[in-house]
There are 2 protein chains.
Amino acid sequence: MAGVAPITVSRAINRPELVTKDTLDHIREVIARTGYVPNLLAGGLASKRSRLVAAIVPTIGNSIFAEAVECLTDRLGEAGYKVLLGLSGYPSSREDELLATVLSRRPDAVFLTGITHSPESRQRLLAAKIPVVETWDLTPTPIDMLVGFSHEKLGRAVAAYLIGKGYRRLGLVWASDERAAVRRRGFEEAAAERGVTDIQVAILPAPGNLKLGRDGLAKLLDGPQRPDAVFCSSDALAQGVLTEAQARGLSVPGDLAIMGFGDLEFAPYTYPALSTVRIDRRAIGLLAAEAMLARFEDKPVEKIVDIGFEIVEREST
Amino acid sequence: MAGVAPITVSRAINRPELVTKDTLDHIREVIARTGYVPNLLAGGLASKRSRLVAAIVPTIGNSIFAEAVECLTDRLGEAGYKVLLGLSGYPSSREDELLATVLSRRPDAVFLTGITHSPESRQRLLAAKIPVVETWDLTPTPIDMLVGFSHEKLGRAVAAYLIGKGYRRLGLVWASDERAAVRRRGFEEAAAERGVTDIQVAILPAPGNLKLGRDGLAKLLDGPQRPDAVFCSSDALAQGVLTEAQARGLSVPGDLAIMGFGDLEFAPYTYPALSTVRIDRRAIGLLAAEAMLARFEDKPVEKIVDIGFEIVEREST
DNA sequence: GTGAAAGCGCTAACAA
DNA sequence: TTGTTAGCGCTTTCAC
């Protein structure tokens, strides 16, 4: 319709600097007039670049993963990429089949949650020969790239922190998820090194929520050793623990200190008594996006990025 | 590699009932052995069905939209569809360009938030000739299909409820978003009909959060008329209002009744004193998915689905 | 700076 | 039940 070859239109859209201004203006005018929408499926097939990035997370509902996905989507969107959402559920039960179906869309990169993947999945990812960013954890042997933090160190740090504050009867209200298990191990090891060994644990199904947190604390309080400090594997559980403590008339942190994990926004303001461990969730999405974009342009990339964590102590008001 | 024509492999994958068991088994064995992954980009181009559904929401971080998207993704995933995530921000500032870029991926359907779209967007959607589901609101004239509820009715219902309880000095802590504005209108109209007109309003930027809620209540309390009941445009704001009330030593609902909107999971347990309006967020995603799937199979579909709402009253404990 | 030819990896339509 | 042919709408490559 513009009286030029298809390839010229393609250039006008994708590499306008290769087209004379006059031709460009004319093509753009025709595009605007006709409402032409390029077909990126066809473009992707021809160029072998889908401009799609797959993001596989357990869940985005009320969760720490939503913000990371949001940042990833925003940053990649700026560069013309769209995010294909894959929800694997807890405990990553569907990651394998999800990965298979998602790879058939030929994404240009994959964002993964965690570092534990089946041999088939690893194999498939390697075979796809695309940038892969694992997140939320640390390992010296990522599939490709990694943005996360050490759950073991985090567990250790919290144990040291609580024991340093004088607490000795420690309890855990804990979801049965894999990364949480590593935090627990770090916590128990560091506690043992300080002579605290009799740690009470209430294990609950993932993902945690307020109700489960209440149940968890109830279990601990009715157990053999009443804890004076409870560390929770998520802020959602911590809220439940706090609620149960309030319902039972316990003062926080006087009778019972409570620590959460994740620093969900509602926690800090709502419960000034509730300390937690802050993770820069937005950084995970952003850094993952940057890593992918760098790789698309063959720029050098840091393979492993440790974003760390921060213990946030809140005063009772 | 399997010694059959490409189309036979295609059938073995997509319509196995058309292939003899022996051929099928053989093809499947070869697929498993070689790790063949079909290219759905090519498939989509050839069949004109991308098996992609675009979901455009303002945000998924800490938000009521995340769960709807999650349900949509789950249900569509069962049917072999993947969700392309589009985040338009508040106040849908990027919806137009987002829609353009998303449509170039040739989605088989589109999930939209709200019923207000630019003429260009409506035009583009109509031109795409695919199922479109608008959500979170109601209108007699949807672009195509609709799953939502009436914000005006909801506002009216809350006004009637509060006034019925005897409250007369009403306040609103309100985000400046479009659907909230409709709820406000309904609220004020119904209040006026009952003789309550002097409603104090604190307007805050969207999306609301706890901090903004605190600020909002502070503004109202320092204003000319101290409210005895505050309705908030979201539960996030309501939490802030509650926090501020507690910080000022007000009893809830004794000195100040607070109503939220959205029924986020943390609200009911955390604040037994906090009533709210429950929206079935999961139903929105699920019904939208069902509507799309029905249309894909040319089954009859209810064009407009009102999922209603429910005032959830909580006792103080 | 622009174009012609070929082909990306599938599936629709029709044929055997 | 299986195969042949053609073509989806782009981009690559190479030529002009």
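All figures in this text were calculated on a predicted structure; none of them were measured in a lab. Letters A, B, ... mirror the listed sequences (proteins, then strands); counts begin at 1.
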Side chain of [X] (C-beta onward), nearest among [options]:
X: A:P6; options: D:dT2, D:dT11, D:dT4; value: D:dT11
X: B:I7; options: D:dT4, C:dG1, D:dT2; value: D:dT4
X: B:V19; options: C:dG3, D:dT11, D:dT2; value: D:dT2

Contact under 4.0 Å: B:T23 side-chain N or O vs D:dT2 OP1/OP2: yes

Any A:T8 side-chain N or O less than 4.0 Å from OP1/OP2 of C:dG1: no

Exercise: identify the closest heavy-atom pair between A:P107 and A:I130: O-CD1, 3.4 Å

Parallel, tilted or perpendicular: rings of B:F65 and B:W136 (30°, 60°): perpendicular

Test item: B:V147 and B:I307 side chains (from C-beta on) under 4.5 Å apart, heavy atoms: yes

Which distance, rounded to the nearest 0.5 Å, do you find between the [atom1] of [X] and the [atom2] of [Y]?
X: B:T116; Y: B:R122; atom1: OG1; atom2: CZ; result: 9.0 Å
X: A:S104; Y: B:L41; atom1: OG; atom2: CG; result: 9.5 Å
X: A:L286; Y: A:C71; atom1: CG; atom2: SG; result: 6.0 Å

Send over the distance from [X] [atom1] to [N] [atom2], rounded to a whole Å.
X: A:H26; N: C:dG1; atom1: NE2; atom2: P; value: 19 Å
X: A:I27; N: C:dG3; atom1: CD1; atom2: P; value: 8 Å
X: B:E17; N: D:dT2; atom1: CD; atom2: P; value: 13 Å
X: A:R15; N: C:dT2; atom1: CZ; atom2: P; value: 14 Å

hbond_proxy A:R106 side chain to C:dG9 base (donor-acceptor, 3.5 Å cutoff): no

Contact list for DNA chain C against residues 32-54 of chain A - heavy-atom distance below 4.0 Å: A:L45, A:A46, A:K48

